[in-house]
Amino acid sequence: MSSLTWSSFPVPISRRTSSLTNPNYPITTIHNRNRWRFRCSIANDSPISPPISVEFNSPPLLDCVIVGAGISGLCIAQALATKHASVSPDVVVTEARDRVGGNISTVERDGYLWEEGPNSFQPSDPMLTMVVDSGLKDDLVLGDPTAPRFVLWDGGLKPVPSSPGDLPFFDLMSFPGKLRAGFGALGIRPPPPDREESVEEFVRRNLGDEVFERLIEPFCSGNTIRLASFKKIELINYLNSDISGVYAGDPSKLSMKAAFGKVWKLEKNGGSIIGGAIKAIQARKNTTKPPRDPRLPKPQGQTVGSFRKGQAMLPNAISKSLGSKVKLSWKLISISKLENRGYNLTYETPNGFASLQTKTVVMTVPSYVASDLLRPLSLEAAEALSKFYYPPVAAVSVSYPKEAIRDDRLIDGQLKGFGQLHPRSQGVETLGTIYSSSLFPNRAPPGRVLLLNYIGGATNPGILSKTESQLVEAVDRDLRTMLINPKAGEPLTLGVKVWPRAIPQFLIGHFDILDAAKFALSEGGYRGMFLGGNYVSGVALGRCVESAYDVAANVSTFLSRGVYK
């Protein structure tokens, strides 16, 4: 979504309630586009001019307007509708594009079904609650928790451990490297410095160089293949639960505290990773939990999930349930504070310019878009939000005949597994590859293999200068070094999706910047203005959903105080 400015804004002759919306919603059409002509331009650097003051006949206020219909915005609206309907019955979600879902994009064609953005999610209870409430329980598909995951090392694909018995024997790490990791996890390692550490610094100090170079580095820069599925070891499951995001980042700059907060807290709270994990496990055992929702499925082991027709089923289902509360092709132009009564939001819509009045606003758009929109309200908040970095990432989906897979990569004659990750030190450009047709059913026609490859990221922004064919060539060249027979024919290219600003980086100082933005809004008197989205919650799809319930609770608490009564 882009912020807009205009060279002239004539005062309308008449005003009417938009016929496209529920007449009970406080939506005012300022003028019809066919009556007036405007010269609009993208305002990248200049501040947005505030709208002309208009006298309103005190329309009733909406409870909440959510700006952005990506997964965060839609799930916040769904959480408000299912958990807080008595407090916030009047909610509207606005989206500048003509579709919902944000970076979630599923394509189906010629017997193939592939993802152009996030490929899967961790089936946590909050995620499963959203799935069930959206009516998608029967469409949920889960990967095989015993399927192997691989890391490219020394020219071969090495499996990461998938059970307790694998720990002493897996060949991705040397015996001295395993000893160093074990002693470090127990607390026999240098003490933490008196400053915020990067992911690289934290892991090298606690677990040694081999763990960083062969396990953690590829997961920071790679895709959503989870580290391992250590069944029946609660401690390892606890650690593994935090290695689930897609950062496509540089671990020497990523903040351990911000990017992998659960693991960071273990050392802080327990003196070591093992000590902190034991304390956390004991605390959970001593805490009385409410009974688990009996409607929720019970995934077996550490696995990932999707839907029968791909990830897009979730945002589409939520949008359908919200109905007319979702407004597509509504470009937010400006936000102004209503004296003692909330906010006025002005939009460019397919039927002209319109405004919404609301008690609360949740901004779930990317931070750089929020920065432009909030600049007229708070320069300090805008400046903070402009500091987050989003590197480019390309998702390249290709297909080969099954015969093209190297014989040594087959298990029982099939390509099995979640996929593979490629450390930057191994001389390949591709970040990682997901075995889409092995992970979930009905992703490719019989006899074909579908592979989703990610390329780019913080350490390779040069992908923006490459053509689609060059990106496919790079992916194919890399795959032939470890997975595809070098003599195999050319791949079938299904799709190349380049995201110029893909994933917010949780760099050192991330929380300080985010807190500065929130503080500036609060000190400026903009109560009821909430920030959401993946730069706030974390980049994994499941984290966005979990955070949506928290944001919805915060909105509900704010509204229940009766500030606007």
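The model shown is predicted, which means the values in this text are computed figures rather than measured ones.
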Using distance alone, with no hydrogens and no angle criterion, decide if Asn554 and Tyr549 have a side-chain donor and acceptor under 3.5 Å apart. no
Going by atom types alone, do Thr349 and Asn351 pair a side-chain donor with an acceptor below 3.5 Å? no
Tyr389/Tyr368 aromatic ring centres below 6.0 Å: no
Going by atom types only, do Ser306 and Gln311 share a side-chain donor-acceptor pair under 3.5 Å? yes
Shortest non-hydrogen contact from Glu95 to Arg97? OE2-N, 3.0 Å
We want to know whether Asn460 and Glu429 form a side-chain donor-acceptor pair, criterion being a heavy-atom distance below 3.5 angstrom. yes
Thinking salt bridges, do Lys309 and Glu108 make one under a 4.0 Å N-O criterion? yes
Would you say the side chains of Ser367 and Tyr390 form a donor-acceptor pair under 3.5 Å? yes
Would you check if Trp499 and Pro392 make a side-chain contact, meaning some heavy-atom pair closer than 4.5 Å? no
Can you classify the ring geometry of Phe150 versus Tyr435 as parallel (below 30°), tilted (30 to 60°) or perpendicular (above 60°)? tilted
Taking the six-membered ring for Trp and the single ring otherwise, decide whether the centroids of Phe388 and His510 are under 6.0 Å apart. yes
Under 3.5 Å donor-acceptor, Ser437 side chain and Ala444 backbone: no
Check Asp293 with Arg295, please: is the shortest side-chain N to carboxylate O separation under 4.0 Å? yes
State whether a side-chain donor-acceptor pair under 3.5 Å links Ser124 with Glu546. yes
Among side-chain atoms of Thr430 and Tyr454, is any donor-acceptor pair under 3.5 angstrom? no
Polar side chain donor-acceptor pair, Ser88 to Asp63, under 3.5 angstrom: no
Just by distance, with hydrogens left out, do Gln414 and Lys402 show a side-chain donor and acceptor under 3.5 Å apart? yes
Taking atom types as modelled and ignoring hydrogens, do the side chains of Ser537 and Arg543 form a donor-acceptor contact shorter than 3.5 angstrom? no
